[in-house]
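Taking it in order: structure first as structure tokens, then the write-up.
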Amino acid sequence: MTKALRDFAQGDASAADRVLDKLYGTLRQVARGLLAGDRSRLLEPTDLTHRAFLKAIAESSHAWGDRQHFVRTVVRVMRRAITDEARVGRAAKRGGGWQRVELDDPGFDGEVGPMVALDEILAGLERVHPEVAATVEMRVFAGMNQPEVAAALAVSRRQADRYWRFGRAWLRRAMTGES
């Protein structure tokens, strides 16, 4: 996998096909998880997977260190694609109203407003604590477990746990309006 990513970074266009072949199942599973509670069906998992993969390879610096780094990049693109679709859907269907949700409800009951709110909260967290935001993104959007997050961030499991606890507290406070 790492070799295919490096080959692609060095200009071998056929390496992108090898990367997609090896990661398609994982990326589609992530997309299915992200869209699990979406009753509005703005995007389908296959469409989201293909769109995110193509955008990631077109816009990225191609300096992916390994499989986890590439998957993180694609998950970030998926998150933004879903958020963009949600903004369009919210504006068209709901007149821009916000809806508060519980942090423990990852499916968000198919509503599009909470996904936009979560994206904006994560963007704010990213400006202040990028490692914590990356941890939350990998846990919530990519469905990665703590050992996978620690490996992707090249930190200890204990540090990844700290990032996750801090990130959850940040999100809870931001989503409930507590100070």
Side-chain angles (χ1 to χ4, degrees), residues 1-6 8-9 18-38 43 45 48-57 59-84 86 101-108 114-176 178:
M1 184 68 200
T2 302
K3 181 180 178 348
L5 288 168
R6 286 186 187 142
F8 182 72
R18 293 194 312 270
V19 170
L20 183 59
D21 287 344
K22 291 179 182 188
L23 286 179
Y24 184 78
T26 300
L27 297 177
R28 191 159 190 297
Q29 182 179 2
V30 168
R32 249 193 330 265
L34 290 172
L35 297 170
D38 184 10
L43 290 170
L48 179 59
T49 301
H50 292 167
R51 182 188 300 190
F53 181 82
L54 292 173
K55 192 167 188 165
I57 63 172
E59 293 182 359
S60 181
S61 66
H62 307 300
W64 304 296
D66 57 15
R67 177 186 188 276
Q68 295 290 352
H69 185 207
F70 182 75
V71 169
R72 246 181 38 224
T73 301
V74 175
V75 168
R76 181 166 287 145
V77 172
M78 284 182 182
R79 184 186 106 206
R80 290 191 178 130
I82 291 170
T83 303
D84 291 345
V101 296
E102 294 297 320
L103 178 62
D104 296 329
D105 182 13
F108 301 122
M115 185 61 76
V116 175
L118 179 59
D119 183 66
E120 291 177 1
I121 292 167
L122 273 177
L125 179 58
E126 209 166 25
R127 286 189 291 276
V128 181
H129 300 288
E131 314 83 18
V132 176
T135 300
V136 171
E137 189 173 61
M138 286 184 270
R139 289 292 307 261
V140 173
F141 289 95
M144 297 167 82
N145 61 32
Q146 282 302 88
E148 291 170 331
V149 170
L153 293 176
V155 298
S156 69
R157 166 83 191 268
R158 195 169 181 180
Q159 185 62 44
D161 289 340
R162 284 187 203 113
Y163 288 158
W164 177 233
R165 282 193 309 273
F166 182 85
R168 279 192 334 216
W170 178 286
L171 289 175
R172 188 173 293 118
R173 188 185 70 197
M175 294 178 93
T176 60
E178 296 173 6

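Hydrogens, waters and symmetry mates are skipped; everything else that's a heavy atom, side chains included, is used. What you see is a predicted model, and the numbers here were worked out from it, not measured in a lab. One is the number of the first residue; the rest follow in order along the sequence.
- Contact of the Val149 side chain with the Gln146 side chain is registered, since non-hydrogen atoms from C-beta on lie closer than 4.5 Å.
- Phe53 and Phe70 have perpendicular rings, their planes meeting at more than 60° on a 0 to 90° scale where under 30° would count as parallel.
- Arg127 CZ to Leu122 CG: the interatomic distance, rounded to the nearest 0.5 Å, is 11.0 Å.
- Leu23 contributes atom CG, which lies 7.0 Å from atom CG of Leu5 (distance to the nearest 0.5 angstrom).
- The shortest non-hydrogen separation linking Leu153 to Tyr163 is CD1-CD1, 4.1 Å.
- The line from CG of Asp84 to CZ of Arg79 is 10.5 Å long, rounded to the nearest 0.5 Å.
- Note that Arg173 lies in the cation-pi zone of Trp170, set by a 6.0 Å cut-off to the ring centre and a 45° limit from the axis.
- Smallest separation of non-hydrogen atoms from Leu48 and Ala31: CD2-CB, 3.9 Å.
- Between Val136 and Gly167, the shortest heavy-atom distance links the atoms CG2-CA, 3.7 Å.
- When all heavy atoms are compared, the tightest approach of Thr73 to Ala56 is CG2-CB, 4.1 Å.
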side-chain hydrogen bond (donor to acceptor under 3.5 Å, both in side chains) for Arg32 and Gln29? Distances and angles first, verdict last. CA-CA 5 Å; Arg32 249 193 330 265; Gln29 182 179 2; 5.4 Å; no
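- In this structure, CG on Leu54 lies 8.0 Å from CG on Leu20, to the nearest 0.5 angstrom.
- Side-chain contact between Glu137 and Arg76: present, with at least one pair of heavy atoms (C-beta onward) separated by less than 4.5 Å.
- When side chains are defined from C-beta on, Met78 counts as touching Val30, because their heavy atoms get closer than 4.5 Å.
- Arg139 places no side-chain N or O within donor-acceptor distance of the main-chain N or O of Trp164, the cut-off being under 3.5 Å.
- Here CZ of Arg157 is found 12.5 Å from CZ of Arg162. Values are rounded to the nearest 0.5 Å.
- Here the CZ atom belonging to Arg80 is positioned 12.5 Å from the CD1 atom belonging to Ile82, to the nearest 0.5 angstrom.
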